[in-house]
There are 2 protein chains.
Amino acid sequence: MEHQSTSMQIPEAEKSVILDSITIDCVIFGFKNEELEVLLVKHKEGISKDKWGLPGGWIYENEGIDDAANRLLLELTGIKDVYLEQLRAFGAPDRFPLSRVITVGYYALIKEEDYDLKAGYTAAEVAWFKVSEVKDLIYDHQQILEIGQKRLRRRIKQEPIGFNLLPEKFTLLQLMHLYEQILGYEMDKPNFRRKILKMDLLTPLAEKQKDVSHRAAKLYRFNPETYKKLLEKGFNFEF
Amino acid sequence: MEHQSTSMQIPEAEKSVILDSITIDCVIFGFKNEELEVLLVKHKEGISKDKWGLPGGWIYENEGIDDAANRLLLELTGIKDVYLEQLRAFGAPDRFPLSRVITVGYYALIKEEDYDLKAGYTAAEVAWFKVSEVKDLIYDHQQILEIGQKRLRRRIKQEPIGFNLLPEKFTLLQLMHLYEQILGYEMDKPNFRRKILKMDLLTPLAEKQKDVSHRAAKLYRFNPETYKKLLEKGFNFEF
DNA sequence: TACTCTTATAGTATATTTGACTACAAGTAT
DNA sequence: ATACTTGTAGTCAAATATACTATAAGAGTA
């Protein structure tokens, strides 16, 4: 989002309190129609006007970088109260064309239906895109997205973070499809089911799936207590 | 190493080409006498004169951050040609007392005996310290070190990076002790041996240990080819 | 030389976990 | 009633993990 340095967006009074060679960019993942999606914003002004990129921007001088990430995400997209985890800093000398700017990438997983998108600040539009179809992002945002995906793949094998992408209630097959989608290979239904149920991480609900034209599957909910226990002693989610 | 902003170390001519709110700090791990060690430097000047901290410093405007990390490590400690991996950015607003500075942490594993330490630049001294005994580092360096350790523990369960800490030739027991040291729990000798040998990652040498007052153990060498193959298909180093 | 001590290395026996399947159950649609 | 689709249960052999026991190969010492 470094284009703001040349857009007239930042009032003169504020400019002095903004760090001028560091920015933040956020990779926000969602999951819809069995596909992994990412949240992008279209720039309103500056050198990348009308181009899509990750939501991000400048850091205030008296603000921690994690706070800056949360603030920027809210300002640009209307999303708040999300657990943003840092990816890393991206600092190739030529990553931003106008000046030397290093950016710190963040990523988060959210349930799309929980949030109303509202383009704000320097964003003309906000929208979800299928990760598989995203291309031509500004600057090095394509690379940041890739690193985000890599992190996601790694993490999902060690922590049940997939639950953050699914609705409260879900079926085992939905969960399995999410794993398949993220990891990129197919799995065996009975085996997946057995393994994940044995972990005691899912609370079965009395409810069943509705409006499906076949036998309805049982709905489950994620059990945060077992999760905490499992995290302590370490575990493996590979399938 | 942010103290350089107030030390007189940087010639006026160079100051203009240095980014003023970002630094680099490196966590360099070594392994000696069955203990995990970390490389620290003692500052020669500035507000942290005579205090110990991680080797690090400022980034030139036309230099990538990875390159900066390598350069700084060389300048301060004499170490070069090391694979430095980025940890993440540290950006609490008050982490550096004199001004707002965000730092990017890096870490690396090296064989201590391969390098001659040479304090240079703004470092008065360079030395190895047992990680377990390190305390009172400057700024937030203690936290960066901790994150480095966490990363190391995580990584060593998925990649055989331990070999970077050991000499060329080593015994199975040395390798096991390294794992125990880093992961913090004891292992079973026969089982460790069986598992690691089956991976075909070690090349047995004709040589044996010398100067030990008991049965000499066979020496092994790390096999980088199998390593590459294993990395591709993914594997698990947990014991 | 014989005995002891220490560490190296081999082997064993059981429980647990995978991975590839088959079979059947429970619904919808025709 | 029958076909079709997806959910769920179960089987079985192979591979792995775990907790051991046993023996080998030295060096050091009496």
Side-chain angles (χ1 to χ4, degrees), chain A residues 33-34 156-158 160 166-167 169-181 183-221 226 229-230 233-239, chain B residues 33-34 156-158 160 166-167 169-181 183-221 226 229-230 233-239:
Chain A
N33 303 326
E34 313 266 287
I156 209 170
K157 287 183 176 178
Q158 297 171 319
L166 290 175
K169 302 167 183 180
F170 51 86
T171 70
L172 290 183
L173 205 56
Q174 284 177 319
L175 183 60
M176 187 177 100
H177 285 327
L178 182 131
Y179 270 84
E180 290 183 333
Q181 200 41 228
L183 294 177
Y185 51 83
E186 300 206 334
M187 296 167 183
D188 178 90
K189 260 194 293 181
N191 291 341
F192 179 89
R193 149 183 220 86
R194 183 173 23 139
K195 184 160 177 180
I196 201 134
L197 285 180
K198 196 161 55 139
M199 290 181 187
D200 197 36
L201 198 74
L202 302 186
T203 310
L205 301 174
E207 255 173 296
K208 283 191 176 182
Q209 225 175 358
K210 274 176 197 158
D211 301 317
V212 283
S213 71
H214 58 264
R215 172 176 177 183
K218 180 177 277 202
L219 291 171
Y220 291 84
R221 199 178 34 189
T226 344
K229 274 184 223 153
L230 281 177
K233 65 171 209 156
F235 59 117
N236 197 344
F237 255 73
E238 205 131 5
F239 286 92
Chain B
N33 303 326
E34 312 267 286
I156 208 169
K157 287 183 176 179
Q158 297 172 319
L166 289 175
K169 303 167 183 180
F170 51 85
T171 70
L172 291 182
L173 203 57
Q174 284 177 319
L175 183 60
M176 187 177 102
H177 285 326
L178 182 134
Y179 271 84
E180 292 183 332
Q181 199 42 227
L183 293 177
Y185 52 82
E186 299 206 336
M187 296 166 182
D188 179 88
K189 259 194 294 183
N191 290 341
F192 178 89
R193 148 184 221 86
R194 183 162 26 133
K195 183 160 178 182
I196 201 133
L197 284 180
K198 196 160 54 143
M199 290 181 187
D200 197 35
L201 198 74
L202 302 186
T203 309
L205 301 174
E207 254 172 296
K208 285 192 176 181
Q209 225 177 357
K210 274 175 198 160
D211 300 319
V212 282
S213 70
H214 58 265
R215 174 177 177 181
K218 180 178 277 204
L219 290 171
Y220 291 84
R221 198 181 32 193
T226 344
K229 275 185 223 152
L230 281 176
K233 65 170 211 157
F235 59 117
N236 197 343
F237 255 72
E238 205 131 7
F239 286 92

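Numbers restart at 1 for each chain; the letters A, B, ... are given by sequence-line order, proteins then strands.
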CA sep, side-chain torsions, deciding dist, call: B/M176, B/I196, side chain to side chain contact (heavy atoms under 4.5 Å, CB included): CA-CA 10 Å; B/M176 187 177 102; B/I196 201 133; over 6 Å; no
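Contacts with DNA chain C (heavy atom under 4.0 Å) in residues 208-220 of chain B: B/H214, B/R215, B/A217, B/K218, listed by number.
B/K195 places its NZ atom 13 Å from the P atom of D/dA19, with the value rounded to the nearest Å. If you measure from atom CZ of A/R193 to atom C1' of D/dG7, you get 7 Å, rounded to the nearest angstrom. For the pair A/N191 CG and D/dA15 P, the computed distance is 16 Å after rounding to whole Å. Protein atom CE of B/M187 is 19 Å distant from nucleotide atom P of D/dT16, rounded to whole Å. Atom NZ in B/K189 sits about 14 Å away from atom P in D/dT21, given to the nearest Å.
Among the heavy atoms of the strands, none lies under 4.0 Å from B/L172.
The CD1 atom of B/I156 sits 10.5 Å away from atom CD of B/Q181, with the distance rounded to the nearest 0.5 Å. In this structure, CG on A/N236 lies 11.5 Å from CG on A/L230, to the nearest 0.5 angstrom.
Here the side chain of B/Q209 pairs a donor or acceptor atom with the backbone of B/A217 at under 3.5 angstrom.
Between A/H177 and A/E180, the side chains place a donor N or O and an acceptor N or O closer than 3.5 Å (distance only, hydrogens not considered).
Pairs passing the side-chain hydrogen bond (donor to acceptor under 3.5 Å, both in side chains) check and including a residue from residues 189-208 of chain B, sequence neighbours excluded, read B/K169-B/E207, B/D188-B/N191, B/N191-B/R194.
Protein chain A touches strand DNA chain C; the 5'-most and 3'-most nucleotides with an atom under 4.0 angstrom of its non-hydrogen atoms are C/dT17 to C/dA29.
Each of B/K198 and A/R194 lies near DNA chain D, and the nucleotide nearest A/R194 is the one positioned closer to the 5' end. Residue whose closest nucleotide on DNA chain C sits further toward the 5' end, between A/D188 and B/L173: B/L173.
A/K218 approaches A/L205 most closely through the heavy-atom pair CG-O, 3.9 Å. Taking each heavy atom of B/F237 and B/Y179 in turn, the nearest pair found is CD2-OH, 2.7 Å. When all heavy atoms of A/Y220 and A/L202 are compared, the pair lying nearest together is CD2-CB, 3.8 Å.
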